[in-house]
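Read the numbers this way: they start at 1 and go in the same order the structure lists the ligands and their atoms. Since we're looking at a predicted model, the values are computed, not measured.
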Amino acid sequence: MKLRKAVIPVAGLGTRFLPATKTVPKELLPIVDIPSIQYVVQEAVDAGIQEIIFVTGRGKDSIEDHFDEAPELEQVLAERGQTENIEMLRRIAEMTEVVSVRQKKPLGLGHAVLCARDLVGDEPFAVMLADDLIDSDTPCIRQLLDIFEDKKESVIALMEVLPEEVQQYGVIKGKEIEKRLYQIQATVEKPPAKEAPSRMAIIGRYILRPEIFSILQKQPPGRGGEIQLTDGLAQLVRERQVFGCQFLGDRYDIGDKFGFVRATVAYALKRPDLKTKVKDYLKSVVH
Ligand code: UTP
């Protein structure tokens with residue numbers, strides 16, 4: 001059973017990044033000069049996923065446009081002799097097959113995933129949150145896929161966080177059955193540090209079996225009046241085996257302002273054209 005499709009929900013309002021997100025989708029805010037969503041799509045492509053399903057909302061059409069051809073722009077670039085830029089734009093347009101579905105109201109992440117039901121069909125699929133950028137040798141979603149291909153059950157990405165951070169995450173109760181591989185027994189949403197069953201937090205990469213759709217369909221709104229994916233996962237754990245993958249890589253929460261700044265610095269430091277200048281600048285700022 002080959003996994004072919006990744007759902008990327010991008011229908012959120014991005015209120016933490018207002019006023020930037022008044023007219024620009026947060027997924028198009030660049031980390032240096034590449035829109036963050038492009039990194040996430042690249043991760044899926046590198047993992048061998050063939051089709052991207054965006055769950056979009058009002059004002060988010062430009063995300064699809066980013067992965068489409070741009071003949072007018074190419075024409076102007078051709079007149080200016082900018083062949084490298086033309087090639088770059090073509091590579092982006094040819095990266096992958098993109099389809100989209102609208103979430104008419106932002107009723108929650110679980111609801112956004114449910115909106116992709118008809119496009120996914122009755123097969124396992126990936127869910128990738130564009131707020132999480134993961135820099136790793138093996139794409140994070142590939143690390144999950146390797147487990148899925150072995151177990152044929154849902155797999156979610158896990159990261160160990162500090163005790164004082166557990167209350168910001170969905171956290172698992174589970175057993176480490178192999179190095180970095182967990183059998184999940186329960187999930188708890190944003191527990192106080194004292195009550196947390198572990199420090200293993202759920203990060204925005206999932207491989208889900210299609211049974212999640214009927215669970216989400218029946219699910220009443222949870223925290224914040226939204227249909228939460230974590231509540232759906234909690235039910236999935238009761239019905240089937242679910243595994244957790246403590247992935248290898250550095251994760252940046254770019255839905256958060258400080259996380260966005262960290263990612264910008266870290267990605268700039270990886271760029272041959274910027275590395276030295278940024279390093280020198282950071283040193284001078286610290287002094
Ligand atoms: P967030 O909780 O970060 O919400 O959503 P948000 O609207 O994107 O950002 P803030 O908190 O207001 O700044 C997590 C992910 O779920 C998607 C978002 O696009 C984001 O990728 N999402 C959330 C939806 O697609 N639909 C929803 O109804 C809610």
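- Residue L114 comes nearest to F213 through the heavy atom pair CD1-O, 3.5 Å, listed as atom of the first residue, atom of the second, then distance.
- For the ligand labelled ligand 1, residue Q103 lies inside the 4.0 Å heavy-atom shell.
- Using a 4.0 Å cut-off between charged nitrogen and carboxylate oxygen, R271 and D33 count as a salt-bridge pair.
- For the pair E43 and R142, the salt-bridge criterion is not met [side-chain N within less than 4.0 Å of a carboxylate O].
- For ligand 1 and D131, the ligand atoms under 4.0 Å from any heavy atom of the residue are 3 (O).
- Here's the thing with F17: none of its N/O atoms is less than 3.5 angstrom from an N/O atom of ligand 1.
- The shortest heavy-atom contact between Y252 and G259 is CB-O, 4.3 Å.
- Taking a cut-off of under 4.0 Å to the non-hydrogen atoms of A112, the atoms of ligand 1 that pass are 24 (C), 25 (O), 26 (N).
- Residue contacts with ligand 1 for P106 involve both N, CA, C or O and side-chain atoms from C-beta outward (heavy atoms, distance under 4.0 Å).
- An N or O contact shorter than 3.5 Å is missing between L109 and ligand 1 by distance.
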ask   = Given the rule in the side-chain contact (heavy atoms from CB on, under 4.5 Å) test, do I37 and V10 qualify, once you have shown the distances and angles that lead to the verdict?
value = CA-CA 9 Å; I37 188 76; V10 293; 4.0 Å; yes
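- Ligand 1 lies out of reach of E226, whose nearest heavy atom is not under 4.0 Å from it.
- If you number the atoms of ligand 1 from 1 as listed, the ones under 4.0 Å from a heavy atom of E27 come out as 19 (O).
- Of all the listed residues (G110, G57, G12), G12 holds the heavy atom that lies closest to atom 23 (C) of ligand 1.
- With a heavy-atom cut-off of 4.0 Å, H111 does not touch ligand 1 at all.
- Closest approach of V40 to A130, counting heavy atoms only: CG2-CA, 3.9 Å.
- With a heavy-atom cut-off of 4.0 Å, T15 touches ligand 1 through backbone and side chain alike.
- Classification of E165 and R199 as a salt-bridged pair fails, no side-chain N sitting under 4.0 Å from a carboxylate O.
- For T21, no heavy-atom contact with ligand 1 is shorter than 4.0 Å.
- Heavy-atom contacts of K26 reach the following atoms of ligand 1: 3 (O), 6 (P), 8 (O), 9 (O) (cutoff under 4.0 Å).
- A cation-pi arrangement is present between K151 and F243, with the terminal nitrogen or guanidinium carbon under 6.0 Å from the aromatic centre and inside a 45° cone about the axis.
- By the 4.0 Å N-to-carboxylate-O rule, R262 lies too far from D253 to be salt-bridged with it.
- Using a 4.0 angstrom heavy-atom cutoff, G108 counts as in contact with ligand 1.
- Not a single protein heavy atom sits closer than 4.0 Å to atom 2 (O) of ligand 1.
- Partner I86 forms a side-chain contact (heavy atoms from CB on, under 4.5 Å) with one of E74, R91, Q75 and no other, that one being E74.
- Geometrically, ligand 1 and A130 share no nitrogen or oxygen pair separated by less than 3.5 Å.
- Ion pairing of D135 with R251 is absent here, as no side-chain N (NZ or NE/NH1/NH2) approaches a carboxylate O to less than 4.0 Å.
- Taking every heavy atom of L107 and a limit of under 4.0 angstrom, the matching atoms of ligand 1 come to 28 (O).
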